[in-house]
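Following: one structure in structure tokens, then a few remarks.
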Amino acid sequence: LSGRHSPMQVHFDSSRHSDQGNFASYSRLTDLLMYPALRSSQPAALDTPLRLASQDLGGLLMLQLTRPPGTSARSMRHEPADAMFLSVLEAGPVILDTANQCLVQNTGDIVLWNADQRHEWRYEQGMSSTCVRLPRSWLSRMVPDLPASRLLPAGGPATGLLACMVRQLAALPSPHGTKAGAHLRSSLLHVLFATLSSGPCAEPSRLADAKQYMRARLDDTELTLQQVASSLGISLRSLARLFADEGSTPSRWLWSERVDQAHRLLESGEAQRVTDAALACGFTSFSHFSRAFRQAHGVPPSAVLNRAGG
């Protein structure tokens with residue numbers, strides 16, 4: 001382990017040492033600088049060096065990490081951490097699995113995630129990334145509907161600018177003056193805010209995430225719009241605005257999708273009875289199902305089933 005005297009200027013590079021405890025040393029540092037992990041699996045062989053560099057930038061912690069294949073998970077049993085992390089992936093891909101989402105981050109993508117949520121990172125091919133630790137309290141003042149986790153694809157309108165800025169800030173020589181660091185921090189936060197709210201591409205992405213979440217749960221009779229909003233890290237009002245741009249509402253879209261899925265099940269013969277199709281698509285009232293089906297398709301569900309049986 002090599003390090004500088006300041007706790008904000010830590011450097012670790014396993015390729016420079018023959019210490020068999022390299023992975024344990026690396027894990028202790030990431031626990032200290034990022035957040036304690038419930039478990040961090042040690043690779044069978046350290047074919048990829050473990051590297052960690054960090055420095056302070058006006059109250060933001062900049063990190064550069066490289067590690068071999070493995071996993072890292074966080075439990076809700078840990079102490080709360082007032083932190084969001086922004087990660088620019090330099091080599092991967094990696095997978096972030098939370099209670100509500102599974103995000104695949106490819107090289108060049110940015111992921112923003114809440115350190116307090118239960119989650120697991122999977123590095124199937126190892127990874128290299130540039131990260132920023134951001135106080136959640138700062139961000140929540142700028143972005144009221146701050147998502148618990150958010151993928152910003154490399155092709156997004158402002159993602160490239162944000163990624164470039166993060167890399168450049170991480171590469172700046174240190175130390176920075178107090179005023180300079182504060183100005184750079186402010187610039188980064190404003191570019192992040194612009195990226196999260198970058199008009200025509202950001203909202204459809206969130207709308208697509210909402211639809212994907214609901215499509216995966218059409219059979220869930222207990223599904224609520226609050227669950228959908230929480231999965232995106234937004235409010236119910238913001239969820240409604242996403243669908244309003246299409247001239248619809250979350251509830252109307254969900255019931256329409258359920259009716260259409262029931263039609264597909266009956267037409268294909270996958271559902272042998274009308275009641276099977278209704279239950280598979282989250283309907284508990286068969287009279288409601290029949291009315292909604294006839295209104296959408298002009299015929300009762302039994303007519304579609306009879307045609308399929310032919």
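When a residue number appears, it is its place in the shown sequence, counting from 1. The model shown is predicted, which means the values in this text are computed figures rather than measured ones.
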Checklist entry - Shortest non-hydrogen contact from L239 to A210? => result CD1-CB, 4.0 Å
Checklist entry - Any link between L192 and M165 through a network of hydrophobic side chains (Ile, Leu, Val, Met, Phe, Trp, Tyr) touching at under 4.5 Å? => result yes
Item to check | Steps toward side chain to side chain contact (heavy atoms under 4.5 Å, CB included) verdict (V274, F293) | outcome: CA-CA 11 Å; V274 170; F293 194 100; over 6 Å; no
Item to check | Stepwise side chain to side chain contact (heavy atoms under 4.5 Å, CB included) test for M127 and L65 | outcome: CA-CA 8 Å; M127 72 91 186; L65 305 99; 3.9 Å; yes
Item to check | Linked, directly or transitively: L279 and W255 (ILVMFWY side chains, under 4.5 Å) | outcome: no
Checklist entry - Distance from Q261 atom CD to S256 atom OG, nearest 0.5 Å? => result 12.0 Å
Checklist entry - Taking C-beta and beyond as the side chain, do S87 and W113 meet within less than 4.5 Å on heavy atoms? => result yes
Checklist entry - Rounded to the nearest 0.5 Å, how far does OH of Y213 lie from OG of S230? => result 8.0 Å
Item to check | Least distance between heavy atoms, V88 atom then A163 atom | outcome: CG1-CB, 3.8 Å
Item to check | Test side chain to side chain contact (heavy atoms under 4.5 Å, CB included) applied to R241 and S238, step by step | outcome: CA-CA 5 Å; R241 281 201 299 267; S238 294; 3.0 Å; yes
Item to check | Shortest non-hydrogen separation from R258 to G282 and the atoms involved | outcome: NE-CA, 4.1 Å
Next on the checklist: Quick check for you: to the nearest 0.5 Å, what is the distance between D260 atom CG and W253 atom CH2?
Outcome noted: 9.5 Å
Checklist entry - What heavy-atom pair brings T107 and A91 nearest, and what distance separates the two atoms? => result OG1-CA, 3.8 Å
Item to check | CZ/R273: more than 12 non-hydrogen atoms of other groups inside 6.0 Å | outcome: no
Checklist entry - Under 30°, 30 to 60°, or over 60°: which ring-plane class applies to W121 and Y123, parallel, tilted or perpendicular? => result parallel
Checklist entry - Where the side chain of N114 meets the backbone of M84, is there a donor-acceptor pair that is under 3.5 Å apart? => result no
Checklist outcome for this item: Separation between CG (L86) and CZ (R133), nearest 0.5 Å, reads 14.0 Å
Checklist entry - Using a distance-only test with no angle check, is there a side-chain donor-acceptor pair under 3.5 angstrom linking S268 and E270? => result yes
Checklist entry - Within the side chain of E257, is there an N or O that forms a donor-acceptor pair under 3.5 Å with the backbone of M214? => result no
Next on the checklist: Checking the side chain of T159 only, and the main-chain atoms of P153 only, is there a donor and an acceptor separated by less than 3.5 Å?
Outcome noted: yes
Checklist entry - Side-chain heavy atoms under 4.5 angstrom apart, residues restricted to Ile, Leu, Val, Met, Phe, Trp, Tyr: same cluster for L305 and L265? => result no
Checklist entry - Could you walk me through whether L254 and L223 pass the side chain to side chain contact (heavy atoms under 4.5 Å, CB included) check? => result CA-CA 10 Å; L254 176 60; L223 179 64; 4.2 Å; yes
Checklist entry - CG/L162 to CD1/I110 distance, rounded to the nearest 0.5 angstrom? => result 4.0 Å
Checklist entry - Where is the tightest heavy-atom contact between A154 and D109, given as atom of each residue plus distance? => result N-OD1, 2.8 Å
Next on the checklist: Tell me whether S290 contacts the main-chain N or O of S287 through its side chain, where contact means a donor paired with an acceptor under 3.5 Å.
Outcome noted: no
Item to check | Residue pair L134 / L189, side-chain heavy-atom distance below 4.5 Å | outcome: yes
Item to check | Joint cluster assignment, I234 & L236, ILVMFWY side-chain distance < 4.5 Å | outcome: yes
Next on the checklist: If we ignore hydrogens and angles and just use 3.5 Å, is the side chain of E124 paired with the main-chain N or O of P69 as donor and acceptor?
Outcome noted: no
Checklist entry - So, for L89 and S128, which heavy atoms are closest and what is the spacing to 0.1 Å? => result CD1-O, 3.5 Å
Checklist entry - Is R150 reaching over with its side chain to a backbone N or O of L112, donor-acceptor style, under 3.5 angstrom? => result no
Item to check | Spacing of Q105 atom CD and I95 atom CD1 [to the nearest 0.5 Å] | outcome: 11.0 Å
Item to check | Min side-chain heavy-atom separation F283-V259 under 4.5 Å | outcome: yes
Checklist entry - Same cluster for L169 and V191 if Ile/Leu/Val/Met/Phe/Trp/Tyr side chains link at under 4.5 Å? => result yes
Checklist entry - How far apart are the C-alpha atoms of R167 and E90, what are their side-chain angles, what is the distance that settles it, and do they pass the salt bridge (charged side-chain N to carboxylate O under 4.0 Å, His left out) test? => result CA-CA 10 Å; R167 293 181 182 119; E90 314 294 358; 3.0 Å; yes
